[in-house]
Each structure stands twice: as structure tokens, then as C-alpha cells.
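In what follows, a structure is listed as C-alpha cells, so that the remarks can point back to it.
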Amino acid sequence: MVLTGLILGLIFAELDETIVSTAMPTIIRELHGLSLYGWVAGIYMLAVTMFMPILGKLADLFGRKRIYLICMGLFITGSIVSGFANSMTWLLIGRGIQGIGAGGLMPLALVIIGETYPLEQRAKIQSLFGPLMILPQLLGPTVGGYLVGHMNWHWVFLINIPVGVLAAAVLAVGMRESIGEEKRSIDWSGAVTLILALFSLLLAPVLIDNQGYSWSSPIIIGLLALSFIFFILLIYIESRVKEPIIPLHLFTNRNVVVLSTLVFILMMGLMGGIASFPFFAQNVMGLSPTASGYLTLAFMAGAIPSSIVNGFLITRVAYRNLFIVSFLLPIIGFFLLMQIQVSTTILFIVISFFILGVGLGALFGGDNLIVQESVDSKDSGIALSTVQLFQSLGATIGLSVFGSMLARNIKSGVADLSDQLPSGTAEHIQTGGIPQGISPDLLLQVKTVFAHAFQNMFTISLIFVVAAFILCWFLKKEILSKKETEAASA
């Protein structure tokens, strides 16, 4: 019952993202909110990332079940507010509430599984969690399209309510948890400082993506400097309080530090290339938007079997060795992607993404399992949330930095052809893709500009992946085994 409740909740939280992105054009049209388009995703991402570590710590203090059910309640409340929104303001408020709830669902689900199942079963279950999250990517566009076409966009959010209630009810009935009744203190000053630090840091890429600022803009530099000051203040506060939001002793744990750095670097280098690839597939390879989106599923085709195999091996083989061998494959994958040309075939892309997926399959569930086994059980919630925070930060910053870099490369390449292009076409190419009706000769030159821009981006990705491979050598050379307390209770 616990596992059923968790899977239901997680799939719907993830499904919500893809359904909403599919329905956004209709929502924006009806609410007249084009100027706030990017903020619908931006506000959700900000809320998820800012509250992830705080909810993880609260779960350590007051019980996983209680905080998980509160997170599910927040997600449902946000869905109600968004579903009945009659303006962009209310929609953004609803998305923010949803984001706070979603910030606790994934890390707490992994902690609950960690305390429900013995190590061997947990390794197999967690290895399936990452691949399981691809189901929403497959279903999202179809479900979103159906709800908008046959009902109305409000049901994109309202459909979460019955499923969320069912998931919460199944977990509430099925899970047993004993919690001490002693009074616990909450580090409010640390929590507020952490939120301000993360808000300042994450607002920078959101403003760049949505308001057209550059990384060298005084406002962006000011936000980053403010974030740095808040993080220094946070360290000062956390070193002095009784129950810190993020215990500093976590960063004396070798595996926590290595894995946090590893996922941060990897997500920075990976997400930009993978997320923007449909732009190449549509404009250079001539694929439809749907086909270009599904092309990246080759990545999951490699990750799913690899993740399952690693789930079996991680309790039998030293996890450092598993990661070292696995992380050779992303290096090969990005080296292949560096070679893309105008004439690149679909098969070449599928093989490259498949190799990437096989290599990164070790990370699905593996990093969470190692973190759980490397810290005391009382700190497992905040430890997992901290690693996932670094992963989310890496993905967010990577998407923005790589997006800016790609746009700049395309802009400089197209500028050399501007005298041959019709008036206004150069600006359109940088944002909306290659227009119809230009001569075959010129079309080939523009596509070559796109190919060179993506080659440069994948070269940078390769450097990040090599850095991640080197970091794998700093993991402890241990085989995951039952902790003494777990063995004794068994």
C-alpha cells in the first residue's frame, strides 16, 4: 500500500508538468498572459527547489508520513487554485503552491521507501523509480491534448485532485510510523536565509530566460552577489543553532559531498544539450515537433535496463567501480554528438542517446541509495533533499547557460549571412527556427550554422561529463550492505 501510494503520487506530480506544458498555449490565449508565459514554469521551479531541503529537514524532525501528506495536500491545494484561476495572477499563485508540495514528494518518497524495505529490495525498487518517471513524459502530451481538446484547460489541474486524494489515502492507511513526542525546535532563521539565498540564485536564470537579461547584466550580477552573501550568512547561522535546516556535518561526509558535486556538474552539462536537442531535430533534421520530442526517448531506452541491472549489482559490487565503468559511456556518447552535421541520421542520434542512457542508468536510484546508507537514518531526509537540491540547481543553471550559449552561437553565425537573408529573417531564425521559402543553397548554410552551434554545445557537455567521471574516483570503495541496526531488526 505504501509503495502504491508513493508511485501514484509521484507519477501524477511528474505528469502535471508535461500536461501543463502541452496546455500552456491555450491557457495563455484564454487568460491573455503572453508576457508571463515563462513564469508559469519559472515560479514552479523556484518553489520546488527552495523548499526541497526545508521539507526534508521537517520530515526528519516531525516524521516522514506527516510531512509527505502535508506536501500532497499542498499539491492538491495548488491544483485547485490553478484549476479555478481566472487570471494569470491566480494561476501563478496556484503553481507556486503546487511547487512547494512537489518539492517534498520525491525526496520523501525515497526516504519512506528506505525505511520500509530492506537494502536489497530497496536497491531494486529505487532503480525503477527513475525510469518510471519517463511514463509521464510519454503520457503527458496525449493527456494534455485530450483534456484541452475535449473538455477545457481547467481539467489539466483539476484531474490531480481525485488522484492526489487517492494516493494520500492509500499511504495514510498503509504506512505505520512512530514519532517521539518530545518538543523539537525549528531553525526559522536558517530556513528564511536559505529561501532568500536560493531565491536570489535561481531568480537570475529565470530573469535571463523570461526577461531577456544577459549573465553580465548588473541586475543578474547583483542577484548572484546577494545570493553569495546569504549563503555565507546561512553557514554562520547553521553552525550555531541546535537543529540546523542543513546540518553542516553532512558536508564532512565524503559520499554526500562527492555525489552532490557529481549531480550538480552532470546536470549542468547534460540538461542543456538534451533539452534543446528537439530544436536541432526540427530545424536541421526536418522532424515534426512530436517526433523530435520522442527521439530523446532513446536516452530512456538505454537508462531503464541499465538502471535495473545496476539496482541488482549495487549490493554486490563496489559502487565506486560501478560508477567509474558506467560514466565512461556518457563520454563516448557526447563525443559522438560532437560530430553531428547537417547530414546526421536519426539512427546516429538514437545510438548516441542510447549510449548516454546506458551510462547514466547507474545514477537512477544509485546516488540516493548511497546517500541513505552513508548517513544516520535521522538525517536521511535532509541528506537526500540536499543532494537533490544540487541536482535541481545544476539542471536549472545548465538549461539557462546552455540556452544562452546556443542562442549566441546561432546569432553570430546567422549574422554573417544576414546580407543574403530577407529582411527580418535573421531575428526569426534565432528564436523561431528556419523559415520556409529560402533558397536551398542558403538553407544549407543556415543549417550548417545550427550544426556548428550544437557541436560547440556538446563539446562543453563533454568537458562536464569528463569532470563527473573524475569525481567518481573519489567515492568510497565500498559495497552497500545492511546496517547493523537493520540486520539486528531482521
Side-chain angles (χ1 to χ4, degrees), residues 48-50 52-53 56-57 106-107 110 126 130 194 197-198 201-202 204-205 224 227-228 230-232 234-235 238-239 244-274 310 314 318-331 333-334 356 359-375 379-402 460-478 480:
V48 167
T49 310
M50 287 192 301
M52 195 182 288
K57 180 62 180 180
M106 180 55 122
L110 294 172
Q126 288 195 14
L194 177 62
L198 289 172
L201 177 63
L202 290 168
L224 296 178
S227 175
F228 178 77
F230 279 128
F231 276 119
I232 296 296
L234 178 68
I235 293 171
E238 300 302 79
S239 64
I245 283 290
I246 299 183
L248 297 183
H249 68 77
L250 283 180
F251 298 100
T252 62
N253 185 305
R254 182 165 141 194
N255 280 345
V256 171
V257 172
V258 171
L259 285 168
S260 296
T261 313
L262 178 71
V263 295
F264 179 78
I265 288 174
L266 195 64
M267 288 299 109
M268 269 197 77
L270 185 73
M271 289 305 294
I274 299 296
N310 278 288
I314 202 164
Y319 49 78
R320 187 179 82 170
N321 295 346
L322 272 180
F323 272 58
I324 288 170
V325 171
S326 295
F327 274 60
L328 282 169
L329 293 172
I331 295 174
F334 275 114
L356 277 179
L360 294 169
L363 206 59
F364 284 123
D367 59 337
N368 297 314
L369 204 63
I370 295 166
V371 170
Q372 280 178 291
E373 295 301 306
S374 300
V375 300
D379 290 326
S380 58
I382 184 56
L384 272 177
S385 296
T386 300
V387 174
Q388 291 205 351
L389 169 65
F390 278 94
Q391 181 174 316
S392 181
L393 287 174
T396 303
I397 295 169
L399 280 168
S400 181
V401 170
F402 275 75
I460 305 295
S461 293
L462 179 64
I463 294 170
F464 277 96
V465 172
V466 169
F469 171 74
I470 293 169
L471 274 171
C472 292
W473 291 85
F474 291 91
L475 288 167
K476 292 181 180 179
K477 195 175 182 180
E478 297 176 338
L480 288 183

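- Distance CG/L360 to CG/N310: 10.5 Å, rounded to 0.5 Å.
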Check step by step if side-chain contact (heavy atoms from CB on, under 4.5 Å) holds for I245 and L234.
CA-CA 9 Å; I245 283 290; L234 178 68; 5.8 Å; no

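- Heavy atoms only, all atoms of each residue included: A468 and L262 are closest at O-CD1, 3.2 Å.
- Summarising the geometry of G359 relative to L329, their closest heavy-atom pair is CA-CB, 3.7 Å, with the distance given to 0.1 Å.
- In this pair, F469 and W473 present their aromatic rings perpendicular. The plane angle is above 60°, beyond the 30 to 60° band.
- Put simply, the side chain of I235 does not reach to within 4.5 Å of the side chain of F251, judged on heavy atoms.
- F228 places none of its side-chain heavy atoms less than 4.5 Å from the side chain of L201.
- Across all their heavy atoms, L384 and V371 have their closest contact at N-CG1, 4.0 Å.
- Nearest heavy-atom pair across L475 and R254 is O-NH2, 3.2 Å.
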Evaluate the criterion side-chain contact (heavy atoms from CB on, under 4.5 Å) for residue pair I370 and F323; output intermediate values, then yes/no.
CA-CA 11 Å; I370 295 166; F323 272 58; 3.8 Å; yes

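- Residues S461 and F334 approach most closely at CB-CE2, 3.5 Å, considering heavy atoms.
- With a 4.5 Å cut-off on side-chain heavy atoms, L198 and L393 count as touching.
- Taken to the nearest 0.5 Å, the CZ atom of R320 stands 10.0 Å off from the CZ atom of F474.
- In this structure, F264 and L471 have side chains that are not in contact, with every pair of non-hydrogen atoms separated by 4.5 Å or more.
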Criterion side-chain contact (heavy atoms from CB on, under 4.5 Å) on K476 and Y319, from CA distance to verdict:
CA-CA 8 Å; K476 292 181 180 179; Y319 49 78; 3.6 Å; yes

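- A197 and S227 make their closest contact through O-OG, 2.9 Å (heavy atoms, listed as atom of the first residue, atom of the second, distance).
- Contact of the I382 side chain with the P53 side chain is registered, since non-hydrogen atoms from C-beta on lie closer than 4.5 Å.
- I331 places none of its side-chain heavy atoms less than 4.5 Å from the side chain of F327.
- Taking 4.5 Å as the limit, every side-chain heavy atom of F464 sits out of range of all side-chain heavy atoms of L270.
- Within the 3.5 Å criterion, the main-chain N or O of I246 finds a donor-acceptor partner in the side chain of E238.
- Distance alone, capped at 3.5 Å, is enough to place a donor-acceptor pair between the S260 side chain and the V256 backbone.
- The backbone N or O of S374 lies less than 3.5 Å from a partner atom in the side chain of N253, making a donor-acceptor pair.
- Here the side chains of K57 and P247 are in contact, with some heavy-atom distance below 4.5 Å.
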